2 protein chains.
Amino acid sequence: MENPESPATVLIVEDEPGIADILRITLKYHGFTVHTAATGRQAVIAAREHRPDLVLLDVMLPDGNGWEVCRTLRAERDDLAVIFVTARDAPRDVVGGLALGGDDYITKPFGVDEVVARVHAVLRRTRREPEAVDPVLRHGDLEMDEATYSVRRAGEPVDLTPTEYNLLRHLLRNAGRIVTKEQLLQHVWQYDTVVESTVVETYISYLRRKLDRLGPPLIETRRGIGYGLRALA
Amino acid sequence: MENPESPATVLIVEDEPGIADILRITLKYHGFTVHTAATGRQAVIAAREHRPDLVLLDVMLPDGNGWEVCRTLRAERDDLAVIFVTARDAPRDVVGGLALGGDDYITKPFGVDEVVARVHAVLRRTRREPEAVDPVLRHGDLEMDEATYSVRRAGEPVDLTPTEYNLLRHLLRNAGRIVTKEQLLQHVWQYDTVVESTVVETYISYLRRKLDRLGPPLIETRRGIGYGLRALA
DNA sequence: GAGATCCCGATTCACCTTGTAACGGCCCGG
DNA sequence: CCGGGCCGTTACAAGGTGAATCGGGATCTC
């Protein structure tokens, strides 16, 4: 995970309390120190006080748009990393945002794992942290290369759709543990996903069909609890 | 269990007195400092006064739904942990609730041991308590891993159903003591379970069949009293 | 516009749970 | 020492619940 002796600090600038909560809880859970601000004014003040390593910046704020906030913050500290958060149906601005100094951007509604991945990626770049972690996840004869988004089992490449890939990644990251369907919905799917559907089962089924063609069953069902990767022999 | 020099404080927000009682007694028994509130108003006041570490929050309250209460509480103290309590047949809101700021949720009717487990889990996360406790329960050649929900005896994996698993866990946690059938019903089964059945005996029998295949008898019957794990040799 | 992807609903299937009931052993009284 | 009743054990069956899978329609991507 993150360097334990100096947890990175993230400032969340977001006026919708629900979204701010999701981001706060998620990042806290992943070991970041988190502060929040609901307006551009507060953001500038909070940035001076807490000196974050990274800012998650909503583009639509009650007191003016995020570009200006970004510019202001950058004027004071040009090593500050910024990830813009924007509505999906405004992709036109996004490029502009990146051009104006954002290091990355995320569209709403987002999936929680996506946010964590991007925050880590940006911090790794801007803090010049060594590429310490092997980007290849392994479990038995299964390997996933996060750099190339490619998956292999027993040497054979496996072609996965984005959702399948994200689901498998979450299972791999929690190999040896059992994850509930709720957790999978929370982490892999977008935050506005409603329950009452069998999406998770469906995608587990897809994964099994593609993966178990190349070897023994890999994903284990714990009835009433959730799913996990089968323990290694 | 919990850090003895600073017992965690829990605020229960629940309008049904029966449920509130169950929760209060259970958590008190497990060493928590407990306060209760029956409405959202009271909850906010009580939270200011007692500064709990965690709130158990019923979603259906007489004066408005729990999300707003959660939001209000969080606005004042953003490090506050919240576990939602909700009826089973309202799963639609559940993910939304989590997304809107809950750390976990419990559905009614619940099993008492489940509540304690979740409260501990959430506090461990939010208070950054070290993962000090070995998540593996042991008793002789029997081991139970609570992270993977897996059980082994003499190295051999034992496949248990959820109820069997919960029952064995309760016996393990009370190893060396004798537990009455009533206690088992109360802790392992849901609180609204009615008696007049031999469920407990049945499940003890299932456990014996699965466990004693791999070694000498493990579960001891105290006629007229209850069950316990046999003392170690 | 074509193809892939995603998600929902329905169906089927498997297993879990619980109640009933028969059997057996333990304990107590005679 | 014997018999009866009670408690515990276990088998069996029915019902319920969660999971797996498939097809179709909506949506997105190129």
Side-chain angles (χ1 to χ4, degrees), chain A residues 87-91 107-111 114 149 151 158-168 171 178-185 188-213 217-228 230, chain B residues 88-89 91-92 94-95 107 109 111 149 151 158-168 171 178-182 184-185 188-190 192-213 217-228 230:
Chain A
R88 169 141 312 171
D89 50 9
T107 56
K108 289 195 263 193
F110 47 77
E114 184 196 351
Y149 293 91
V151 176
V158 182
D159 195 37
L160 299 182
T161 73
T163 306
E164 289 164 359
Y165 178 88
N166 290 334
L167 175 58
L168 181 59
L171 289 174
I178 301 290
V179 266
T180 68
K181 278 185 280 195
E182 285 80 10
Q183 286 174 332
L184 290 171
L185 268 178
V188 178
W189 273 263
Q190 299 163 350
Y191 60 76
D192 60 350
T193 304
V194 258
V195 193
E196 294 208 59
S197 95
T198 65
V199 242
V200 179
E201 284 98 327
T202 303
Y203 272 86
I204 291 284
S205 168
Y206 292 161
L207 273 183
R208 284 209 254 241
R209 193 188 316 173
K210 289 185 178 178
L211 295 174
D212 293 350
R213 208 171 46 77
L218 203 64
I219 301 172
E220 187 181 7
T221 304
R222 283 313 248 276
R223 202 187 157 86
I225 302 168
Y227 298 97
R230 212 169 285 275
Chain B
R88 167 139 318 170
D89 51 8
R92 177 192 314 263
V94 158
V95 167
T107 55
Y149 295 89
V151 175
V158 182
D159 200 38
L160 299 182
T161 72
T163 305
E164 289 164 358
Y165 178 89
N166 290 334
L167 175 59
L168 180 59
L171 289 174
I178 299 292
V179 212
T180 68
K181 280 184 276 194
E182 285 75 20
L184 288 172
L185 267 178
V188 178
W189 273 263
Q190 299 165 349
D192 60 351
T193 304
V194 263
V195 201
E196 295 202 55
S197 129
T198 69
V199 247
V200 179
E201 284 98 327
T202 303
Y203 272 88
I204 291 283
S205 159
Y206 291 162
L207 275 183
R208 284 209 255 241
R209 189 190 332 180
K210 290 185 176 177
L211 294 174
D212 293 349
R213 208 170 47 77
L218 204 63
I219 301 171
E220 185 182 6
T221 304
R222 284 303 251 281
R223 220 182 152 75
I225 305 171
Y227 299 96
R230 212 170 286 275

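We use all heavy atoms of the structure for the numbers below, so side chains are in, but hydrogens, waters and symmetry mates are not. Per chain, numbering begins at 1; letters A, B, ... match sequence-line order. All figures in this text were calculated on a predicted structure; none of them were measured in a lab.
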For a quick test of reading the model, state the closest non-hydrogen atom pair linking [X] to [Y] and the distance between them.
X: Tyr227(B); Y: Val200(B); answer: CE1-CG1, 4.2 Å
X: Asp159(B); Y: Glu164(B); answer: O-OE1, 4.2 Å
X: Glu201(A); Y: Lys181(A); answer: OE2-NZ, 3.0 Å
X: Val188(A); Y: Leu167(A); answer: CG1-N, 3.8 Å
X: Gln190(A); Y: Pro109(A); answer: OE1-CG, 3.5 Å

Could you tell me the separation between the [atom1] atom of [X] and the [atom2] atom of [N], rounded to a whole number of Å?
X: Asp159(B); N: dA14(C); atom1: CG; atom2: C1'; value: 14 Å
X: Leu167(A); N: dT5(C); atom1: CG; atom2: C1'; value: 15 Å
X: Leu160(B); N: dT17(C); atom1: CG; atom2: P; value: 11 Å
X: Ile219(B); N: dT9(D); atom1: CD1; atom2: P; value: 10 Å
X: Arg213(B); N: dT10(D); atom1: CZ; atom2: C1'; value: 18 Å
X: Lys210(A); N: dA4(C); atom1: NZ; atom2: P; value: 11 Å
X: Leu211(B); N: dT10(D); atom1: CG; atom2: C1'; value: 16 Å

TODO: Check whether any side-chain heavy atom of Lys210(B) lies under 4.5 Å from a side-chain heavy atom of Leu168(B), and answer yes or no.
DONE: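 With C-beta onward as the side chain, the pair stays apart.
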
TODO: Please indicate whether Arg222(B) has more than 12 foreign heavy atoms, meaning atoms of other residues, nucleotides or ligands, lying under 6.0 Å from its CZ.
DONE: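 Atom CZ in Arg222(B) is not packed in, count stays at 12 or less.
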
Task: Derivation and outcome, side chain to side chain contact (heavy atoms under 4.5 Å, CB included), residues Asn166(A) and Trp189(A) - done: CA-CA 9 Å; Asn166(A) 290 334; Trp189(A) 273 263; over 6 Å; no

Open item on the list: Taking only side-chain N and O atoms of Trp189(B), does any of them lie within less than 4.0 angstrom of OP1 or OP2 on dT18(C)?
Closed with: yes

Produce the list of close N/O pairs, under 3.5 Å, pairing protein atoms with atoms of nucleotides 19-27 of chain D; give distances to one decimal.
{"residue": "dA19(D)", "atom": "OP1", "partner": "Gly224(A)", "partner atom": "N", "Å": "3.3"}
{"residue": "dA19(D)", "atom": "OP2", "partner": "Lys181(A)", "partner atom": "NZ", "Å": "2.1"}
{"residue": "dA20(D)", "atom": "OP1", "partner": "Arg208(A)", "partner atom": "NH2", "Å": "2.4"}
{"residue": "dA20(D)", "atom": "OP1", "partner": "Thr221(A)", "partner atom": "OG1", "Å": "2.5"}
{"residue": "dA20(D)", "atom": "OP2", "partner": "Tyr227(A)", "partner atom": "OH", "Å": "2.5"}
{"residue": "dT21(D)", "atom": "OP2", "partner": "Ser205(A)", "partner atom": "OG", "Å": "3.2"}

Task: Value rounded to 0.5 Å, distance of OH in Tyr203(B) from OG1 in Thr198(B) - done: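 That separation rounds to 11.0 Å.
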
Open item on the list: I need the Leu207(A) CG to Ile219(A) CD1 distance, nearest 0.5 Å.
Closed with: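 That separation rounds to 4.5 Å.
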
- [ ] Fit a plane to each ring of Tyr149(B) and Tyr165(B), take the angle between them on a 0 to 90° scale, and name the class: parallel (under 30°), tilted (30 to 60°) or perpendicular (over 60°).
- [x] tilted

Open item on the list: Taking the axis from the first five pairs and the axis from the last five, what angle separates them in the helix from dG1(C)-dC30(D) to dG30(C)-dC1(D), rounded to 10 degrees?
Closed with: 30°

Could you run down the sub-3.5 Å N/O contacts of the protein with nucleotides 28-30 of chain C?
none

